[in-house]
Amino acid sequence: MNFTSKFIETALGISFSKIEEVKNNRIKELLEIKSKIKEDPILVENWFDKEINKIRKVTENNSSSIDIESLINKIK
């Protein structure tokens with residue numbers, strides 16, 4: 001059990017660091033688009049449409065075994 005626990009902790013640590021990186025990049029991106037709301041609302045609307053479509057496609061055309069890294073890359 002000790003080996004299994006350490007393996008799971010290591011895997012979670014790697015996943016969490018990737019998630020933290022994606023989170024920070026996403027916050028930066030959202031702040032950038034937020035700053036453009038008043039100056040270019042059409043650009044912002046188009047950006048939101050693109051993001052919504054990206055999220056809709058996250059699990060389309062995938063096999064039943066989806067790994068976390070590929071999901072994270074699709075959301076980026």
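In what follows, residues are counted from 1 in the order of the sequence shown.
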Pair up each side-chain donor or acceptor in residues 38-47 with any protein partner under 3.5 Å, not counting sequence neighbours, and list the distances.
from, atom 1, to, atom 2, distance (Å)
D40, OD1, L43, N, 3.3
N46, ND2, I42, O, 3.3
W47, NE1, E29, OE2, 3.4

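Scored by the side chain to side chain contact (heavy atoms under 4.5 Å, CB included) test, E20 finds K23, N24 as partners (sequence neighbours excluded).
To the nearest 0.5 Å, the span separating CG on N53 from CD on E51 amounts to 9.5 Å.
Through chains of ILVMFWY side-chain contacts below 4.5 Å, L31 is grouped with I27. Other cluster members for I52: none, since no ILVMFWY side-chain heavy atom sits under 4.5 Å from it.
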